[in-house]
Amino acid sequence: MSDYTELDKKQDVHILHSMGYAQELERRMSSFSNFAVSFSIICILSGGINSLAQATSGAGGAAIGIGWPLGCFISLVFAIAMAQISSAYPTAGGLYHWGSILGNRFTGWLTAWFNLLGLVTVLGAINVGTYYFFMGSFGTGYLGLTDTITVRIVFLVIITGAQALVNHMGIGLTAKLTDFSGYLIFATAIALAAVCLLSAPSYEFGRLFTFANYSGEAGGNVWPTTSGSWVFLLGLLLPIYTITGYDASAHTSEETVKAAHSVPRGMVSSVLWSALFGYIMLCSFVLMLPNMDDAAKQGWNVFFWAMDSQVNPIVKDILYLAILVSQWLCGLATVTSLSRMIFAFSRDGGLPASKALSKVSPQYRTPVAAIWTGSILSVLFVWGSSLVSIGDTPVYTIVVSCTVIFLFFSFAIPITLGLFAWGTSKWDKMGPWNLGEGVFKLFAVLSVIAMILIFILGIQPPNEWALYITVSFLVLTAIVWFGFESRRFKGPPIGAEVAKRQAEIAAAEAAVGESGEK
(Lines give C-alpha, C1' and ligand atoms only; values in the text may rest on other atoms or scores of the structure.)
Protein backbone atom coordinates (compact mmCIF):
# COMPACT_ATOMS: atom_id res chain seq x y z
CA MET A 1 0.00 0.00 0.00
CA SER A 2 2.82 2.35 -0.96
CA ASP A 3 0.31 4.68 -2.56
CA TYR A 4 -1.44 5.25 0.81
CA THR A 5 -0.09 8.62 1.90
CA GLU A 6 -0.31 10.51 5.16
CA LEU A 7 -2.86 12.77 3.47
CA ASP A 8 -5.00 9.74 2.60
CA LYS A 9 -4.79 8.52 6.19
CA LYS A 10 -5.70 11.94 7.49
CA GLN A 11 -8.74 12.00 5.21
CA ASP A 12 -9.89 8.53 6.31
CA VAL A 13 -9.55 9.40 9.99
CA HIS A 14 -11.22 12.77 9.48
CA ILE A 15 -14.28 11.11 7.93
CA LEU A 16 -14.47 8.65 10.82
CA HIS A 17 -14.12 11.44 13.40
CA SER A 18 -16.85 13.42 11.62
CA MET A 19 -19.22 10.51 12.32
CA GLY A 20 -18.26 10.52 16.01
CA TYR A 21 -16.01 7.44 16.09
CA ALA A 22 -12.39 6.77 17.01
CA GLN A 23 -9.83 5.02 14.81
CA GLU A 24 -9.53 2.04 17.17
CA LEU A 25 -9.31 -0.62 14.48
CA GLU A 26 -6.21 -0.71 12.30
CA ARG A 27 -6.27 0.32 8.62
CA ARG A 28 -4.39 -2.58 7.05
CA MET A 29 -6.77 -3.58 4.25
CA SER A 30 -6.04 -2.51 0.68
CA SER A 31 -8.75 -1.97 -1.93
CA PHE A 32 -8.19 -5.54 -3.11
CA SER A 33 -8.48 -6.85 0.46
CA ASN A 34 -11.80 -5.04 0.86
CA PHE A 35 -13.00 -6.68 -2.36
CA ALA A 36 -11.60 -10.05 -1.28
CA VAL A 37 -13.41 -10.15 2.07
CA SER A 38 -16.78 -9.83 0.29
CA PHE A 39 -15.76 -12.12 -2.56
CA SER A 40 -14.68 -14.71 0.02
CA ILE A 41 -18.02 -14.58 1.85
CA ILE A 42 -19.99 -14.83 -1.37
CA CYS A 43 -17.75 -17.81 -2.27
CA ILE A 44 -19.29 -19.41 -5.35
CA LEU A 45 -17.51 -22.60 -4.28
CA SER A 46 -19.65 -22.71 -1.13
CA GLY A 47 -23.23 -21.68 -1.86
CA GLY A 48 -22.90 -22.32 -5.59
CA ILE A 49 -22.04 -25.96 -4.94
CA ASN A 50 -23.81 -26.78 -1.66
CA SER A 51 -27.15 -25.35 -2.87
CA LEU A 52 -26.85 -26.52 -6.48
CA ALA A 53 -29.87 -28.81 -6.22
CA GLN A 54 -32.18 -25.80 -5.95
CA ALA A 55 -31.52 -25.41 -9.68
CA THR A 56 -30.80 -28.90 -11.03
CA SER A 57 -33.76 -30.37 -9.15
CA GLY A 58 -35.97 -27.44 -10.09
CA ALA A 59 -36.13 -26.06 -13.62
CA GLY A 60 -33.11 -28.05 -14.81
CA GLY A 61 -30.50 -26.51 -17.11
CA ALA A 62 -32.43 -23.26 -17.63
CA ALA A 63 -32.22 -22.60 -13.89
CA ILE A 64 -28.48 -22.09 -14.47
CA GLY A 65 -28.31 -20.80 -18.03
CA ILE A 66 -31.07 -18.22 -17.52
CA GLY A 67 -31.77 -18.25 -13.78
CA TRP A 68 -28.20 -17.65 -12.53
CA PRO A 69 -27.63 -14.30 -14.32
CA LEU A 70 -31.16 -13.16 -13.45
CA GLY A 71 -30.69 -13.97 -9.74
CA CYS A 72 -27.24 -12.35 -9.73
CA PHE A 73 -28.74 -9.17 -11.18
CA ILE A 74 -31.18 -9.08 -8.25
CA SER A 75 -28.24 -9.17 -5.82
CA LEU A 76 -26.35 -6.58 -7.89
CA VAL A 77 -29.27 -4.18 -7.54
CA PHE A 78 -28.82 -4.15 -3.76
CA ALA A 79 -25.03 -3.90 -4.00
CA ILE A 80 -25.13 -0.83 -6.28
CA ALA A 81 -27.62 1.01 -4.07
CA MET A 82 -25.64 0.15 -0.93
CA ALA A 83 -22.40 1.24 -2.58
CA GLN A 84 -23.77 4.77 -2.98
CA ILE A 85 -24.54 5.00 0.75
CA SER A 86 -21.29 3.33 1.82
CA SER A 87 -19.23 5.97 0.03
CA ALA A 88 -20.92 8.71 2.04
CA TYR A 89 -20.76 6.82 5.36
CA PRO A 90 -17.75 4.43 5.39
CA THR A 91 -18.02 3.03 8.90
CA ALA A 92 -17.93 -0.41 10.55
CA GLY A 93 -21.40 -1.83 11.00
CA GLY A 94 -22.33 0.41 8.10
CA LEU A 95 -25.88 -0.85 7.64
CA TYR A 96 -26.79 -0.01 11.23
CA HIS A 97 -25.28 3.45 10.93
CA TRP A 98 -27.01 4.11 7.61
CA GLY A 99 -30.35 2.97 8.97
CA SER A 100 -29.98 5.41 11.87
CA ILE A 101 -28.72 8.50 10.10
CA LEU A 102 -31.04 8.20 7.08
CA GLY A 103 -33.98 7.29 9.29
CA ASN A 104 -34.07 7.37 13.07
CA ARG A 105 -33.00 5.42 16.15
CA PHE A 106 -35.64 2.73 15.61
CA THR A 107 -34.84 2.06 11.94
CA GLY A 108 -31.14 1.86 12.79
CA TRP A 109 -31.80 -0.49 15.70
CA LEU A 110 -34.08 -2.69 13.56
CA THR A 111 -31.52 -2.80 10.75
CA ALA A 112 -28.84 -3.82 13.24
CA TRP A 113 -30.88 -6.72 14.61
CA PHE A 114 -31.85 -8.01 11.17
CA ASN A 115 -28.23 -7.85 10.04
CA LEU A 116 -26.87 -9.32 13.26
CA LEU A 117 -29.23 -12.29 13.33
CA GLY A 118 -28.63 -12.84 9.64
CA LEU A 119 -24.85 -12.87 10.09
CA VAL A 120 -24.92 -15.22 13.10
CA THR A 121 -27.13 -17.73 11.32
CA VAL A 122 -25.33 -17.41 7.98
CA LEU A 123 -21.98 -18.14 9.69
CA GLY A 124 -23.55 -21.29 11.11
CA ALA A 125 -25.03 -22.19 7.71
CA ILE A 126 -21.72 -21.64 5.88
CA ASN A 127 -19.80 -23.85 8.31
CA VAL A 128 -22.51 -26.52 8.24
CA GLY A 129 -22.24 -26.46 4.45
CA THR A 130 -18.48 -26.93 4.84
CA TYR A 131 -19.15 -29.85 7.18
CA TYR A 132 -21.43 -31.60 4.69
CA PHE A 133 -18.99 -30.97 1.87
CA PHE A 134 -16.21 -32.45 4.03
CA MET A 135 -18.36 -35.49 4.79
CA GLY A 136 -19.22 -35.99 1.13
CA SER A 137 -15.67 -35.52 -0.09
CA PHE A 138 -13.40 -37.04 2.60
CA GLY A 139 -15.20 -37.66 5.90
CA THR A 140 -17.36 -40.65 5.00
CA GLY A 141 -15.33 -42.30 2.24
CA TYR A 142 -11.81 -41.87 3.62
CA LEU A 143 -12.31 -41.46 7.37
CA GLY A 144 -15.42 -43.58 7.86
CA LEU A 145 -17.26 -40.85 9.77
CA THR A 146 -21.03 -40.95 10.24
CA ASP A 147 -23.19 -37.85 10.26
CA THR A 148 -24.43 -37.33 13.83
CA ILE A 149 -25.14 -34.19 15.79
CA THR A 150 -22.06 -34.85 17.94
CA VAL A 151 -19.74 -35.20 14.92
CA ARG A 152 -21.29 -32.13 13.32
CA ILE A 153 -20.88 -29.92 16.39
CA VAL A 154 -17.32 -31.10 17.11
CA PHE A 155 -16.41 -30.29 13.50
CA LEU A 156 -18.03 -26.84 13.81
CA VAL A 157 -16.28 -26.10 17.09
CA ILE A 158 -12.90 -26.89 15.52
CA ILE A 159 -13.28 -24.92 12.29
CA THR A 160 -15.17 -21.97 13.82
CA GLY A 161 -12.65 -21.79 16.65
CA ALA A 162 -9.81 -21.66 14.12
CA GLN A 163 -11.61 -18.89 12.20
CA ALA A 164 -12.08 -16.90 15.39
CA LEU A 165 -8.45 -17.39 16.41
CA VAL A 166 -7.15 -16.03 13.10
CA ASN A 167 -9.45 -13.02 13.40
CA HIS A 168 -8.34 -12.52 17.00
CA MET A 169 -4.71 -12.22 15.88
CA GLY A 170 -5.23 -9.12 13.77
CA ILE A 171 -6.68 -7.82 10.54
CA GLY A 172 -3.26 -8.13 8.87
CA LEU A 173 -3.30 -11.94 9.01
CA THR A 174 -7.00 -12.11 8.18
CA ALA A 175 -6.53 -9.85 5.16
CA LYS A 176 -3.63 -11.97 3.88
CA LEU A 177 -5.78 -15.09 4.08
CA THR A 178 -8.83 -13.49 2.47
CA ASP A 179 -6.58 -12.09 -0.28
CA PHE A 180 -5.36 -15.65 -0.85
CA SER A 181 -8.97 -16.80 -0.77
CA GLY A 182 -9.83 -14.41 -3.58
CA TYR A 183 -7.14 -15.87 -5.84
CA LEU A 184 -7.98 -19.43 -4.76
CA ILE A 185 -11.66 -19.03 -5.62
CA PHE A 186 -10.82 -17.62 -9.04
CA ALA A 187 -8.34 -20.41 -9.79
CA THR A 188 -10.47 -23.26 -8.43
CA ALA A 189 -13.62 -22.09 -10.23
CA ILE A 190 -11.75 -22.01 -13.54
CA ALA A 191 -10.06 -25.36 -12.84
CA LEU A 192 -13.41 -26.95 -11.95
CA ALA A 193 -14.98 -25.52 -15.11
CA ALA A 194 -12.11 -26.87 -17.24
CA VAL A 195 -12.32 -30.34 -15.66
CA CYS A 196 -16.10 -30.41 -16.16
CA LEU A 197 -15.76 -29.48 -19.83
CA LEU A 198 -12.99 -32.02 -20.41
CA SER A 199 -15.10 -34.69 -18.68
CA ALA A 200 -18.33 -33.87 -20.51
CA PRO A 201 -19.67 -36.70 -22.72
CA SER A 202 -20.95 -34.08 -25.20
CA TYR A 203 -21.65 -30.37 -25.37
CA GLU A 204 -25.41 -29.93 -25.37
CA PHE A 205 -25.46 -26.15 -24.97
CA GLY A 206 -29.20 -26.19 -25.54
CA ARG A 207 -29.78 -27.79 -22.13
CA LEU A 208 -28.67 -24.49 -20.51
CA PHE A 209 -31.78 -22.88 -21.96
CA THR A 210 -34.19 -25.81 -21.74
CA PHE A 211 -36.90 -25.54 -19.10
CA ALA A 212 -37.98 -28.62 -17.18
CA ASN A 213 -40.06 -29.28 -14.09
CA TYR A 214 -38.31 -31.56 -11.64
CA SER A 215 -40.37 -30.63 -8.61
CA GLY A 216 -41.52 -33.51 -6.44
CA GLU A 217 -40.06 -37.01 -6.81
CA ALA A 218 -38.49 -36.25 -10.20
CA GLY A 219 -36.09 -33.91 -8.40
CA GLY A 220 -35.48 -35.93 -5.26
CA ASN A 221 -38.15 -33.89 -3.44
CA VAL A 222 -35.91 -30.85 -3.17
CA TRP A 223 -39.01 -28.82 -4.05
CA PRO A 224 -42.63 -29.94 -3.46
CA THR A 225 -44.62 -30.63 -6.61
CA THR A 226 -45.50 -27.31 -8.26
CA SER A 227 -45.79 -25.63 -11.65
CA GLY A 228 -42.87 -25.22 -14.07
CA SER A 229 -42.90 -21.42 -13.91
CA TRP A 230 -42.97 -21.43 -10.12
CA VAL A 231 -40.14 -23.94 -9.78
CA PHE A 232 -38.02 -21.72 -12.06
CA LEU A 233 -38.65 -18.75 -9.75
CA LEU A 234 -37.74 -20.87 -6.72
CA GLY A 235 -34.48 -21.77 -8.47
CA LEU A 236 -33.54 -18.07 -8.34
CA LEU A 237 -32.81 -18.67 -4.67
CA LEU A 238 -29.56 -20.42 -5.70
CA PRO A 239 -27.88 -17.25 -7.06
CA ILE A 240 -29.66 -14.92 -4.63
CA TYR A 241 -28.62 -16.98 -1.60
CA THR A 242 -25.09 -17.44 -2.96
CA ILE A 243 -24.47 -13.82 -3.96
CA THR A 244 -24.86 -12.25 -0.53
CA GLY A 245 -22.46 -11.16 2.20
CA TYR A 246 -21.03 -8.26 0.21
CA ASP A 247 -21.96 -5.99 3.13
CA ALA A 248 -18.63 -7.21 4.56
CA SER A 249 -16.95 -4.48 2.52
CA ALA A 250 -18.93 -1.95 4.53
CA HIS A 251 -18.32 -3.69 7.86
CA THR A 252 -14.56 -3.49 7.33
CA SER A 253 -14.64 0.19 6.27
CA GLU A 254 -12.63 1.35 9.28
CA GLU A 255 -9.84 -1.08 8.43
CA THR A 256 -9.74 -0.20 4.71
CA VAL A 257 -7.53 2.47 3.17
CA LYS A 258 -9.29 5.19 1.15
CA ALA A 259 -12.54 3.69 2.40
CA ALA A 260 -14.91 6.13 0.69
CA HIS A 261 -13.48 4.98 -2.65
CA SER A 262 -12.52 1.36 -1.89
CA VAL A 263 -15.65 0.12 -0.10
CA PRO A 264 -18.22 0.79 -2.85
CA ARG A 265 -15.88 -0.62 -5.48
CA GLY A 266 -15.25 -3.71 -3.39
CA MET A 267 -18.95 -4.28 -2.85
CA VAL A 268 -19.99 -4.02 -6.49
CA SER A 269 -16.96 -5.75 -8.02
CA SER A 270 -17.30 -8.74 -5.65
CA VAL A 271 -20.83 -9.32 -6.96
CA LEU A 272 -19.85 -8.87 -10.62
CA TRP A 273 -16.85 -11.22 -10.51
CA SER A 274 -18.75 -13.82 -8.47
CA ALA A 275 -21.60 -13.70 -10.98
CA LEU A 276 -19.25 -14.14 -13.95
CA PHE A 277 -17.03 -16.91 -12.58
CA GLY A 278 -20.01 -18.66 -10.99
CA TYR A 279 -21.78 -18.69 -14.34
CA ILE A 280 -18.79 -20.19 -16.14
CA MET A 281 -18.34 -22.82 -13.44
CA LEU A 282 -21.99 -23.86 -13.14
CA CYS A 283 -22.69 -23.87 -16.88
CA SER A 284 -19.68 -26.16 -17.32
CA PHE A 285 -21.02 -28.44 -14.59
CA VAL A 286 -24.43 -28.68 -16.28
CA LEU A 287 -22.76 -29.54 -19.60
CA MET A 288 -20.83 -32.34 -17.86
CA LEU A 289 -23.96 -34.07 -16.57
CA PRO A 290 -24.59 -37.36 -18.38
CA ASN A 291 -28.34 -36.85 -18.28
CA MET A 292 -30.46 -34.06 -16.76
CA ASP A 293 -33.24 -36.41 -15.64
CA ASP A 294 -30.81 -38.66 -13.76
CA ALA A 295 -29.03 -35.63 -12.28
CA ALA A 296 -32.29 -34.14 -11.02
CA LYS A 297 -33.17 -37.39 -9.22
CA GLN A 298 -29.98 -37.11 -7.13
CA GLY A 299 -31.42 -34.13 -5.26
CA TRP A 300 -28.89 -32.58 -2.84
CA ASN A 301 -26.25 -35.16 -3.79
CA VAL A 302 -26.04 -34.05 -7.43
CA PHE A 303 -22.54 -32.53 -7.21
CA PHE A 304 -20.87 -35.59 -5.69
CA TRP A 305 -22.83 -37.94 -7.95
CA ALA A 306 -21.67 -36.13 -11.09
CA MET A 307 -18.06 -35.78 -9.94
CA ASP A 308 -17.89 -39.47 -8.95
CA SER A 309 -19.27 -40.64 -12.27
CA GLN A 310 -17.40 -38.29 -14.62
CA VAL A 311 -14.09 -37.10 -13.10
CA ASN A 312 -10.77 -38.86 -12.51
CA PRO A 313 -10.54 -39.73 -8.76
CA ILE A 314 -7.17 -38.02 -8.17
CA VAL A 315 -8.22 -34.85 -10.02
CA LYS A 316 -11.51 -34.93 -8.16
CA ASP A 317 -9.84 -35.09 -4.73
CA ILE A 318 -7.47 -32.22 -5.59
CA LEU A 319 -10.47 -30.08 -6.54
CA TYR A 320 -12.31 -31.17 -3.39
CA LEU A 321 -9.39 -30.05 -1.24
CA ALA A 322 -9.25 -26.62 -2.91
CA ILE A 323 -13.02 -26.22 -2.53
CA LEU A 324 -12.87 -27.25 1.14
CA VAL A 325 -10.13 -24.69 1.90
CA SER A 326 -12.15 -22.01 0.07
CA GLN A 327 -15.22 -22.84 2.14
CA TRP A 328 -13.25 -22.56 5.38
CA LEU A 329 -11.92 -19.16 4.26
CA CYS A 330 -15.49 -18.16 3.47
CA GLY A 331 -16.36 -18.77 7.13
CA LEU A 332 -13.22 -16.89 8.20
CA ALA A 333 -14.35 -13.76 6.31
CA THR A 334 -17.85 -14.13 7.75
CA VAL A 335 -16.44 -14.06 11.30
CA THR A 336 -14.72 -10.79 10.36
CA SER A 337 -17.97 -9.26 9.09
CA LEU A 338 -20.05 -10.51 12.04
CA SER A 339 -17.57 -9.32 14.66
CA ARG A 340 -17.39 -5.81 13.18
CA MET A 341 -21.17 -5.60 13.23
CA ILE A 342 -21.24 -6.64 16.91
CA PHE A 343 -18.44 -4.16 17.67
CA ALA A 344 -20.14 -1.26 15.89
CA PHE A 345 -23.56 -1.85 17.43
CA SER A 346 -22.03 -2.31 20.89
CA ARG A 347 -20.00 0.91 20.91
CA ASP A 348 -23.35 2.72 20.72
CA GLY A 349 -24.80 0.58 23.51
CA GLY A 350 -27.01 -1.58 21.30
CA LEU A 351 -26.27 -4.97 22.88
CA PRO A 352 -26.09 -6.48 26.38
CA ALA A 353 -22.53 -6.25 27.74
CA SER A 354 -21.83 -3.56 25.16
CA LYS A 355 -18.82 -2.21 27.03
CA ALA A 356 -17.00 -5.55 26.78
CA LEU A 357 -18.14 -6.30 23.23
CA SER A 358 -16.93 -2.95 21.92
CA LYS A 359 -13.48 -3.22 23.50
CA VAL A 360 -10.56 -3.34 21.07
CA SER A 361 -7.37 -5.22 21.93
CA PRO A 362 -4.41 -2.79 22.06
CA GLN A 363 -2.11 -5.63 20.98
CA TYR A 364 -4.05 -6.98 18.01
CA ARG A 365 -6.31 -3.99 17.25
CA THR A 366 -9.28 -6.31 16.90
CA PRO A 367 -12.61 -6.53 18.81
CA VAL A 368 -11.68 -9.76 20.55
CA ALA A 369 -14.84 -10.23 22.64
CA ALA A 370 -17.03 -9.56 19.60
CA ILE A 371 -15.10 -12.11 17.53
CA TRP A 372 -15.47 -14.93 20.04
CA THR A 373 -19.04 -14.05 21.01
CA GLY A 374 -20.26 -14.11 17.41
CA SER A 375 -18.43 -17.37 16.72
CA ILE A 376 -19.80 -19.10 19.83
CA LEU A 377 -23.34 -17.92 19.07
CA SER A 378 -23.17 -19.40 15.56
CA VAL A 379 -22.18 -22.83 16.92
CA LEU A 380 -24.86 -22.67 19.63
CA PHE A 381 -27.42 -21.78 16.98
CA VAL A 382 -26.56 -24.86 14.93
CA TRP A 383 -26.51 -27.12 17.99
CA GLY A 384 -29.78 -25.88 19.47
CA SER A 385 -31.73 -25.75 16.22
CA SER A 386 -30.51 -29.22 15.13
CA LEU A 387 -32.11 -30.81 18.20
CA VAL A 388 -35.64 -29.57 17.46
CA SER A 389 -37.92 -30.29 14.50
CA ILE A 390 -41.28 -28.98 13.31
CA GLY A 391 -42.93 -31.95 11.68
CA ASP A 392 -40.23 -33.64 9.61
CA THR A 393 -38.22 -30.44 9.10
CA PRO A 394 -35.39 -29.51 11.54
CA VAL A 395 -35.70 -26.02 12.96
CA TYR A 396 -32.16 -25.42 11.68
CA THR A 397 -33.34 -25.80 8.06
CA ILE A 398 -36.27 -23.45 8.65
CA VAL A 399 -34.18 -20.76 10.34
CA VAL A 400 -31.52 -20.88 7.61
CA SER A 401 -34.24 -20.05 5.11
CA CYS A 402 -34.92 -16.96 7.23
CA THR A 403 -31.24 -16.03 7.20
CA VAL A 404 -31.19 -14.49 3.76
CA ILE A 405 -34.57 -12.83 4.35
CA PHE A 406 -33.10 -11.16 7.45
CA LEU A 407 -29.95 -10.12 5.60
CA PHE A 408 -31.80 -8.65 2.64
CA PHE A 409 -34.20 -6.83 4.97
CA SER A 410 -31.15 -5.24 6.60
CA PHE A 411 -30.01 -4.19 3.12
CA ALA A 412 -33.43 -2.92 2.05
CA ILE A 413 -34.16 -0.73 5.10
CA PRO A 414 -31.32 1.82 4.66
CA ILE A 415 -31.73 1.73 0.86
CA THR A 416 -35.43 2.58 1.19
CA LEU A 417 -34.64 5.30 3.70
CA GLY A 418 -32.02 6.69 1.32
CA LEU A 419 -34.64 6.88 -1.41
CA PHE A 420 -36.51 9.48 0.63
CA ALA A 421 -33.54 11.08 2.42
CA TRP A 422 -31.59 12.04 -0.73
CA GLY A 423 -31.05 15.80 -0.81
CA THR A 424 -32.61 16.39 2.62
CA SER A 425 -30.74 17.46 5.74
CA LYS A 426 -30.30 13.76 6.58
CA TRP A 427 -28.31 13.11 3.40
CA ASP A 428 -27.13 16.28 1.76
CA LYS A 429 -23.53 15.24 1.09
CA MET A 430 -22.57 12.38 -1.20
CA GLY A 431 -19.33 10.41 -1.18
CA PRO A 432 -16.85 10.28 -4.07
CA TRP A 433 -18.60 7.18 -5.50
CA ASN A 434 -21.73 8.94 -6.74
CA LEU A 435 -24.30 7.50 -9.14
CA GLY A 436 -26.41 10.62 -9.24
CA GLU A 437 -29.91 11.00 -7.86
CA GLY A 438 -31.77 9.42 -10.78
CA VAL A 439 -29.67 6.26 -10.99
CA PHE A 440 -29.59 5.73 -7.22
CA LYS A 441 -33.36 6.12 -6.90
CA LEU A 442 -33.89 3.68 -9.79
CA PHE A 443 -31.80 1.03 -8.03
CA ALA A 444 -33.45 1.83 -4.71
CA VAL A 445 -36.90 1.18 -6.21
CA LEU A 446 -35.61 -2.01 -7.87
CA SER A 447 -34.26 -3.09 -4.46
CA VAL A 448 -37.69 -2.73 -2.88
CA ILE A 449 -39.26 -4.79 -5.67
CA ALA A 450 -36.49 -7.39 -5.34
CA MET A 451 -37.01 -7.56 -1.57
CA ILE A 452 -40.68 -8.37 -2.07
CA LEU A 453 -39.77 -11.15 -4.51
CA ILE A 454 -37.12 -12.60 -2.18
CA PHE A 455 -39.55 -12.61 0.73
CA ILE A 456 -42.27 -14.34 -1.30
CA LEU A 457 -39.85 -16.98 -2.60
CA GLY A 458 -38.24 -17.48 0.81
CA ILE A 459 -41.47 -18.48 2.55
CA GLN A 460 -42.66 -21.07 0.04
CA PRO A 461 -42.84 -24.78 0.91
CA PRO A 462 -40.86 -26.53 2.27
CA ASN A 463 -39.88 -23.30 4.08
CA GLU A 464 -43.37 -21.97 4.84
CA TRP A 465 -42.46 -21.75 8.55
CA ALA A 466 -40.05 -18.97 7.61
CA LEU A 467 -43.09 -16.68 7.36
CA TYR A 468 -44.14 -17.40 10.94
CA ILE A 469 -40.59 -16.99 12.25
CA THR A 470 -40.14 -13.67 10.44
CA VAL A 471 -43.50 -12.32 11.64
CA SER A 472 -42.78 -13.53 15.19
CA PHE A 473 -39.41 -11.78 15.09
CA LEU A 474 -41.08 -8.53 14.00
CA VAL A 475 -43.63 -8.79 16.82
CA LEU A 476 -40.88 -9.53 19.34
CA THR A 477 -38.77 -6.59 18.17
CA ALA A 478 -41.77 -4.27 18.47
CA ILE A 479 -42.34 -5.43 22.06
CA VAL A 480 -38.66 -5.02 22.96
CA TRP A 481 -38.38 -1.62 21.29
CA PHE A 482 -41.48 -0.01 22.73
CA GLY A 483 -41.16 -1.80 26.06
CA PHE A 484 -37.46 -1.15 26.71
CA GLU A 485 -35.14 0.11 24.00
CA SER A 486 -37.00 3.24 22.87
CA ARG A 487 -36.16 4.88 26.20
CA ARG A 488 -32.67 3.42 26.63
CA PHE A 489 -31.02 3.21 23.21
CA LYS A 490 -29.59 6.52 21.99
CA GLY A 491 -28.25 5.36 18.62
CA PRO A 492 -25.11 6.59 16.88
CA PRO A 493 -23.85 10.13 17.41
CA ILE A 494 -25.54 12.58 15.06
CA GLY A 495 -25.27 16.36 14.88
CA ALA A 496 -24.18 17.99 18.12
CA GLU A 497 -23.44 14.62 19.69
CA VAL A 498 -20.44 14.20 17.37
CA ALA A 499 -18.70 17.28 18.80
CA LYS A 500 -19.28 16.06 22.34
CA ARG A 501 -17.41 12.84 21.61
CA GLN A 502 -14.07 14.37 20.65
CA ALA A 503 -12.50 13.86 24.08
CA GLU A 504 -13.72 10.22 24.15
CA ILE A 505 -12.33 9.72 20.64
CA ALA A 506 -8.88 10.94 21.65
CA ALA A 507 -8.88 8.71 24.74
CA ALA A 508 -10.02 5.63 22.81
CA GLU A 509 -7.30 6.13 20.19
CA ALA A 510 -4.63 6.66 22.82
CA ALA A 511 -5.68 3.41 24.53
CA VAL A 512 -4.86 1.37 21.43
CA GLY A 513 -1.80 3.37 20.40
CA GLU A 514 -3.41 5.13 17.44
CA SER A 515 -2.01 8.57 16.62
CA GLY A 516 -5.37 9.72 15.28
CA GLU A 517 -5.96 12.62 12.93
CA LYS A 518 -2.93 14.77 12.37
Side-chain angles (χ1 to χ4, degrees), residues 47 50-55 57-59 63 71 74 110-111 113-129 131-132 147-149 152-153 156 214-217 219-227 229-242 244-245 299-300 377-413 450-481:
N50 295 334
S51 301
L52 187 55
Q54 291 178 318
S57 292
I74 290 173
L110 183 63
T111 301
W113 275 106
F114 268 126
N115 194 240
L116 189 58
L117 289 176
L119 287 170
V120 168
T121 51
V122 82
L123 175 58
I126 287 168
N127 284 342
V128 167
Y131 163 75
Y132 279 115
D147 177 27
T148 65
I149 291 179
R152 191 183 317 153
I153 297 305
L156 257 66
Y214 294 119
S215 60
E217 290 187 11
N221 292 309
V222 170
W223 299 114
T225 302
T226 187
S227 67
S229 57
W230 192 246
V231 84
F232 172 75
L233 289 174
L234 289 171
L236 295 178
L237 292 176
L238 168 64
I240 291 171
Y241 279 23
T242 300
T244 190
W300 295 107
L377 286 174
S378 75
V379 175
L380 290 177
F381 152 68
V382 174
W383 175 67
S385 59
S386 296
L387 296 173
V388 182
S389 297
I390 297 178
D392 295 327
T393 307
V395 168
Y396 166 77
T397 303
I398 298 169
V399 175
V400 166
S401 69
C402 297
T403 292
V404 178
I405 293 176
F406 288 167
L407 283 176
F408 276 103
F409 266 138
S410 73
F411 299 170
I413 293 171
M451 183 67 249
I452 295 171
L453 175 64
I454 291 169
F455 182 69
I456 291 172
L457 294 177
I459 61 173
Q460 298 307 309
N463 299 318
E464 61 268 30
W465 271 92
L467 172 62
Y468 307 118
I469 291 175
T470 303
V471 171
S472 298
F473 173 74
L474 288 171
V475 171
L476 179 62
T477 54
I479 293 171
V480 173
W481 175 258

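Throughout, numbering of the chain's residues begins at 1 and tracks the sequence.
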### Task
Would you check if the distance from the ring center of F406 to the ring center of F409 is below 6.0 Å?
no

#### Entry: Heavy-atom closest pair, residues S410 and T111
O-CG2, 3.5 Å

### Task
With rounding to the nearest 0.5 Å, note down the distance linking OG1 in T403 to CG in L123.
10.5 Å

### Message
Checking W481 now: which residues fulfil side chain to side chain contact (heavy atoms under 4.5 Å, CB included) with it, not counting sequence neighbours?
### Response
R105, F106, W109, E485, S486, F489

### Query
What is the distance from atom CG of L117 to atom CG of L377, rounded to the nearest 0.5 Å?
9.5 Å

### Query
Just how far is it from atom OG of S57 to atom CG of L234, taken to the nearest 0.5 Å?
12.5 Å

### Query
Atom CG in L407, atom CG in L116: separation rounded to 0.5 Å?
10.5 Å

### Message
Measuring from atom CZ of F408 to atom CD1 of I240, what distance do you get when rounded to the nearest 0.5 angstrom?
### Response
6.5 Å

### Message
Tell me if the CH2 atom of W230 is crowded by more than 12 foreign heavy atoms within 6.0 Å.
### Response
yes

### Task
May I have the step-by-step check of side-chain contact (heavy atoms from CB on, under 4.5 Å) for W300 and N50, ending in yes or no?
CA-CA 8 Å; W300 295 107; N50 295 334; over 6 Å; no

### Task
Verify side-chain contact (heavy atoms from CB on, under 4.5 Å) between L467 and F455, making sure each step is shown before the conclusion.
CA-CA 9 Å; L467 172 62; F455 182 69; 3.7 Å; yes

### Message
Please find the pair of heavy atoms, one from G71 and one from P239, that lie closest to each other, and give the distance.
### Response
CA-CG, 3.6 Å

### Query
Looking only at heavy atoms, what is the nearest atom pair of A55 and L238, with distance?
CB-CD2, 3.7 Å

### Task
Check whether any side-chain heavy atom of Y468 sits under 4.5 Å from a side-chain heavy atom of I459, and report yes or no.
no

### Query
Could you give the distance from CG (L156) to OG (S378), rounded to the nearest 0.5 Å?
7.0 Å

### Query
Is T477 reaching over with its side chain to a backbone N or O of L474, donor-acceptor style, under 3.5 angstrom?
yes

### Task
Determine the minimum heavy-atom distance between W223 and P461, stating which atoms define it.
CE3-O, 4.1 Å

### Heavy-atom side-chain contact between V222 and Y214 under 4.5 Å
no

### Message
Among residues at least two apart in sequence or on other chains, which ones pass side chain to side chain contact (heavy atoms under 4.5 Å, CB included) with L453?
### Response
I74, L457

